[in-house]
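Okay, structure first, notes after.
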2 protein chains.
Amino acid sequence: MALRHAVLAALLDGEFSGYQLAKGFDIGVANFWHALPQQLYAELSRLEGEGLVAGREVVQEGRPNKRMFHVTEAGLAELERFAATPAKPSFIRDDLLVKVQAVDGIDPAPVIAQLQERAAVAEAKAEVLGKLLVRLRGEADEGEFLRTGRRIGPYLTCRRGLAFERETYDWCLRTAEILRQRVVTVRSGE
Amino acid sequence: MALRHAVLAALLDGEFSGYQLAKGFDIGVANFWHALPQQLYAELSRLEGEGLVAGREVVQEGRPNKRMFHVTEAGLAELERFAATPAKPSFIRDDLLVKVQAVDGIDPAPVIAQLQERAAVAEAKAEVLGKLLVRLRGEADEGEFLRTGRRIGPYLTCRRGLAFERETYDWCLRTAEILRQRVVTVRSGE
DNA sequence: TCAGAGTACTCATTTTGTTGAGTATGCAAT
DNA sequence: ATTGCATACTCAACAAAATGAGTACTCTGA
């Protein structure tokens, strides 16, 4: 059950509402823990019930009120406890890889198309993450920031996400190219 | 529901029992779709019920009988259909990244230890995948194999897995080093 | 003025994934 | 002789994640 911890980690950056998390999750924490809005709302309620986060109602005009949450002492202690328990091994879990695995038995055309599309998505995501990196370190150069910055967690995970997206981009394009070449080869009666 | 398709894709390589899949899943398809033995057995039964795979009982001596499964025509058609439906975006989902994200608020020592451990796991996995790559392409050089081999799906996904593990390895070591340096910096009263 | 998009959520259900405990047999080492 | 490991599975219960369908109000543009 790491969604709760992902939420706690995200709330280390300040006060957020469920709605804000649901938006921001896509660029920040969502690089390594994706969740739907409904899950976030539910998790925040549960965390509040357990006293790991505290919420306050913010009355707004011209738009619905919202609840802003922050981590409590108990929440921080829970994060601490979580960080000290052994991590589970991670793995990629991806539809598209399943399709590529099966590509020898089926029509490669839709797989090629999806690889192309995925490459574009990965490129766009890489750009967003690259910009986020710049924003996170501010003025300082990277080495300096990593040595002395006081909030480097998001920076470090963002670097991982960026490397992943770049890797995805490269692999998708190379794989698509290989499959395209084979279609040509087979057609020319190799 | 891509587990079923991962199983179908795995069965493209021949006939396997649930037990064999449960073992082999760790090195082949499991690079992008992890599953516990129980899930595989259950999925195979379901697939058999739907006629997407067919099983036959193999009587053995000195050990329990087993059921060997292969993909049927209908199963292949299902894979074809699956490959043609748009892929969902993928993302990393990883405990350890959550911990790194939170590292500014907690004790970094256990996080550093887990990064080190994860690097070792990734290195070992990368080596296994590297060997698998060599085994899959056999005598041929890579370019030749990719152009003319008749079963390249597993090779292509294996390359992705290898790149991922290498990336994980690098990131873990670099991140651990950065965190270690900071501990020193803080201690020396920066 | 009315459709559409944005803010801010809730509730219910289903689908997946995980955990834990069994069953049964044979082989090899202690 | 008995422990422990490998083969080959099954069943039940639970936790987590994904899906779908709302609610309600406001602002903006056609």
Side-chain angles (χ1 to χ4, degrees), chain A residues 1-8 15-26 29-30 32-50 53 55-69 82 85-95 98, chain B residues 1-8 15-26 29-30 32-50 53 55-69 82 85-95 98:
Chain A
M1 205 190 346
L3 172 59
R4 68 190 308 107
H5 301 111
V7 169
L8 289 171
E15 243 193 352
F16 294 99
S17 68
Y19 190 76
Q20 283 174 303
L21 278 184
K23 302 260 110 170
F25 234 59
D26 273 337
V29 179
F32 51 90
W33 209 276
H34 164 81
L36 299 167
Q38 294 97 311
Q39 284 174 268
L40 295 174
Y41 287 120
E43 198 57 54
L44 283 168
S45 299
R46 238 170 289 144
L47 286 167
E48 196 185 18
E50 295 171 39
V53 306
R56 62 184 183 93
E57 183 91 11
V58 174
V59 179
Q60 299 186 112
E61 295 178 39
R63 56 177 62 182
N65 296 345
K66 62 181 173 184
R67 314 207 58 215
M68 300 287 281
F69 295 93
F82 168 68
T85 63
K88 302 178 188 163
S90 80
F91 33 81
I92 311 178
R93 183 167 274 194
D94 190 343
D95 268 14
V98 175
Chain B
M1 206 191 342
L3 172 60
R4 66 189 310 104
H5 300 111
V7 170
L8 288 171
E15 243 192 352
F16 294 99
S17 69
Y19 190 77
Q20 283 175 302
L21 279 183
K23 300 262 110 172
F25 234 58
D26 273 336
V29 178
F32 50 89
W33 211 277
H34 162 83
L36 299 167
Q38 294 96 311
Q39 280 174 275
L40 295 174
Y41 287 119
E43 198 58 55
L44 283 168
S45 298
R46 237 171 289 142
L47 286 167
E48 195 185 19
E50 295 170 40
V53 306
R56 63 184 183 92
E57 183 91 11
V58 174
V59 179
Q60 298 186 114
E61 295 177 38
R63 55 179 62 184
N65 296 344
K66 61 183 173 183
R67 312 207 58 215
M68 299 287 281
F69 294 93
F82 168 69
T85 64
K88 301 177 188 164
S90 79
F91 33 80
I92 310 178
R93 184 166 274 194
D94 190 343
D95 268 13
V98 175

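Lettering of chains follows the sequences in order, A, B, ..., and the numbering in each one begins at 1. Just so it is clear, the values below take in all heavy atoms, side chains as well, and ignore hydrogens, waters and symmetry mates. Not measured: the values here are computed from a predicted model.
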Checklist outcome for this item: Comparing nearest nucleotides in DNA chain C, the 5'-proximal residue of the pair Phe69(A), Glu61(B) is Phe69(A)
To the nearest Å, how far apart are [X] [atom1] and [N] [atom2]?
X: Asn65(A); N: dC9(C); atom1: CG; atom2: P; answer: 9 Å
X: Phe32(A); N: dA17(D); atom1: CZ; atom2: C1'; answer: 17 Å
X: Leu44(B); N: dT10(D); atom1: CG; atom2: P; answer: 9 Å
X: Lys66(B); N: dA6(D); atom1: NZ; atom2: P; answer: 17 Å
X: Tyr41(B); N: dT18(C); atom1: OH; atom2: C1'; answer: 17 Å
X: Arg67(A); N: dA8(C); atom1: CZ; atom2: P; answer: 14 Å
X: Leu36(A); N: dT15(C); atom1: CG; atom2: P; answer: 16 Å
X: Gln60(A); N: dC9(C); atom1: CD; atom2: C1'; answer: 12 Å

If you check every side-chain atom of [X], which of [options] has the closest atom?
X: Arg93(B); options: dT7(C), dT7(D), dA18(D); result: dA18(D)
X: Pro64(B); options: dT25(C), dC9(C), dC9(D); result: dT25(C)
X: Gln39(A); options: dT7(D), dG17(C), dA18(D); result: dA18(D)
X: Lys23(B); options: dA8(C), dT7(D), dT10(D); result: dT7(D)

Next on the checklist: Judged by each residue's nearest nucleotide on DNA chain D, which is more toward the 5′ side, Ala42(B) or Arg4(A)?
Outcome noted: Ala42(B)
Next on the checklist: Would Phe82(A) and Leu8(A) count as a side chain to side chain contact (heavy atoms under 4.5 Å, CB included) here? Give the steps.
Outcome noted: CA-CA 11 Å; Phe82(A) 168 68; Leu8(A) 289 171; over 6 Å; no
Next on the checklist: Give me the atom names and distance for the closest heavy-atom approach of Trp33(A) to Val98(B).
Outcome noted: CE3-CG2, 4.2 Å
Checklist entry - What are the two closest non-hydrogen atoms of Phe69(B) and Gly55(B), and how far apart are they? => result CD2-CA, 3.5 Å
Checklist entry - Going from CD on Glu43(B) to NE2 on His5(B), what distance comes out if it is rounded to the nearest 0.5 angstrom? => result 9.0 Å
Checklist entry - When you check the phosphate oxygens OP1 and OP2 of dC9(D), does a side-chain N or O of Ser17(B) lie under 4.0 Å from one of them? => result yes
Next on the checklist: Side-chain N or O of Tyr19(B) versus OP1/OP2 of dC9(D): is the shortest distance under 4.0 Å?
Outcome noted: no
Item to check | Validation row: Ser17(A), Arg67(A) side chains within 4.5 angstrom (heavy atoms) | outcome: no
Next on the checklist: Whether the side chain of Gln38(A) and the base of dG20(D) hold a donor-acceptor pair under 3.5 Å is what I'd like checked.
Outcome noted: yes
